[in-house]
Amino acid sequence: MKVLVLNCGSSSIKYQFIDTVQELALAKGMVERIGMSGAVLSHSRYDGDSIRIVAEILDHTMAIEYVLAVMLSKNHGVIESKDDIDAIGHRVVHGGETFSGSVFITDEVIKTLQDNVELAPLHNPPNIKGIQAVTRLLPETPQCGVFDTSFHLTMPAQSYLYGIPYELYKRYKIRKYGFHGTSHRFVSQKAAEAIGKPLSELKIVTAHLGNGCSMAAVDRGNSIDTTMGFTPLEGLLMGTRSGDVDPSVILYIMGKEGLSLSEASTLLNKHSGLIGLSGESSDMREIIAAVNDGNKKAKNAFDIFNYRIRKYVGAYAAAMGGLDALVFTGGIGENSPEVRGEVCKDLEFLGIEIDQQRNANKENLISTDGSRVRVFRIPTNEELVIALDTYEIVKSKQTA
Ligand code: ADP
């Protein structure tokens, strides 16, 4: 089956056209600056051919029209007719408490997503726009939704409830949801395959470290805790997000600086984390370069980033009562031997022993042969998970 995977943001759409049999992206690309002047579509094909188109792209429907046109084009395309797209898989950020797995999209599902908009006011509205645009452009093509939150719905109440009045959970659905679920699910499954045991027999900690960062405790295939919370702000230090912070600090700063709710949100989401601490950059490559130049603030940011991850490795090993594997993924997790090395430093007591050579060589298994806990570096592939889920759902509908 050939699935067009769409990740619709407020002003951008990322896409991949995936052949689920070969598990291969036949084409991928991105539309940026939707609704702004000088929107850009960049498209590349599996054989290396690529094209960049600058155009006035006013909304999500028009953006998807452009994507379809380039996919159909004689010189850069990968399909002969729109019917070659068997299904569409959407990345949807927030499924709330309703969606514990991926779903076939119906009017009822769209209605539920609209009801959940308050939980993800930045992310869910463009996801819904993308679904509606496809409904207009390809009315006969089945669509599925794959949620960032679903994988974590197995968390027990002791993990997902906050220590605030229970009534607020009931009234506003305030609880830990967690994100990056498709990535945590994918890399924990890959780690189990590499170990050669079923996921149902393993205790795995996964660390997705990109611009946004989160970890999960995957106990016999189920997420039992994760570092992101009600929103993606909780937990690890990130490129521009603070991660864990005493809530009183926020109230105190708001009082001292006279900040509004949205200004406080911008402070914590956009001006904190690596950029806030270092004053240099939110990009880990630049932080590492600054550390190597002797920049003390960048060193603080680097140390705090790694320390928090190490702390959660210990916490999640305790939460699961054991640990078989630790997995690094995401732009930083996959590419930074420095971060992986620092996180795993002095964790021999937990059974974690890194092989420095394997770590530096970017091998997939980076622990020593004697290490009780296997440590992996596994490239994530969220688009492939979305395509495969879509395939499964559509196939089961067709055979039903
Ligand atoms: P997103 O979360 O937006 O998908 P990515 O997963 O691509 O982002 O991760 C982006 C992060 O990965 C950036 O902080 C970037 O600096 C970091 N990164 C990429 N390559 C390297 C590298 N070789 N060493 C350290 N960090 C890297």
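Bear in mind the structure is a predicted one, so any value in this text is a computation, not a measurement. Numbering of ligands and ligand atoms starts at 1, following listing order. For the numbers below, each heavy atom of this structure counts, side chains included, while hydrogens, waters and symmetry mates do not.
At under 3.5 Å, not a single nitrogen or oxygen of His208, backbone or side chain, sits near a nitrogen or oxygen of ligand 1. Here's the thing with Met284: one of its N/O atoms is less than 3.5 angstrom from an N/O atom of ligand 1. Below 3.5 Å of separation, one finds an N or O of Arg285 facing an N or O of ligand 1.
Nearest heavy atom pair, residue Thr390 against residue Gly89, reads OG1-CA, 3.3 Å.
Considering Glu334, His184, Arg377, Lys190 in turn, Glu334 is the only one that fulfils the side-chain hydrogen bond (donor to acceptor under 3.5 Å, both in side chains) rule with Thr329.
Remark: minimum distance from atom 13 (C) of ligand 1 to any protein heavy atom is reached at Asn211 OD1, 3.9 Å. Summary of contacts: the protein heavy atom closest to atom 6 (O) of ligand 1 is Gly331 N, 2.9 Å. Summary of contacts: the protein heavy atom closest to atom 16 (O) of ligand 1 is Asp283 OD1, 2.4 Å.
Within 6.0 Å of OH on Tyr391 lie no more than 12 heavy atoms contributed by other residues, nucleotides or ligands.
Taking the ring centroids of Phe151 and His180, they lie at or beyond the 6.0 Å cut-off. Aromatic ring centres of Tyr169 and Tyr166 lie closer together than 6.0 Å. Centroid-to-centroid, the aromatic rings of Tyr177 and His94 come within less than 6.0 Å.
Here is the list of ligand 1 atoms found below 4.0 Å of a heavy atom in Gly210: 2 (O), 5 (P), 6 (O), 9 (O). For ligand 1, the atoms closer than 4.0 angstrom to any heavy atom of Ser336 are 24 (N), 25 (C).
Residues Tyr160 and Phe99 do not share a hydrophobic cluster, clusters being chains of Ile/Leu/Val/Met/Phe/Trp/Tyr side chains in contact below 4.5 Å.
Using 4.0 Å as the threshold, Gly212 has a heavy atom nearer than that to some atom of ligand 1.
Distances from atom 11 (C) of ligand 1 to the heavy atoms of Asn335, Leu274, Ile332 put Ile332 nearest.
In summary, the side chains of Ser248 and Asp246 do present a donor paired with an acceptor at a separation below 3.5 Å, with no hydrogens or angles considered.
In this structure, atom 4 (O) of ligand 1 has its sub-4.0 angstrom surroundings free of protein heavy atoms.
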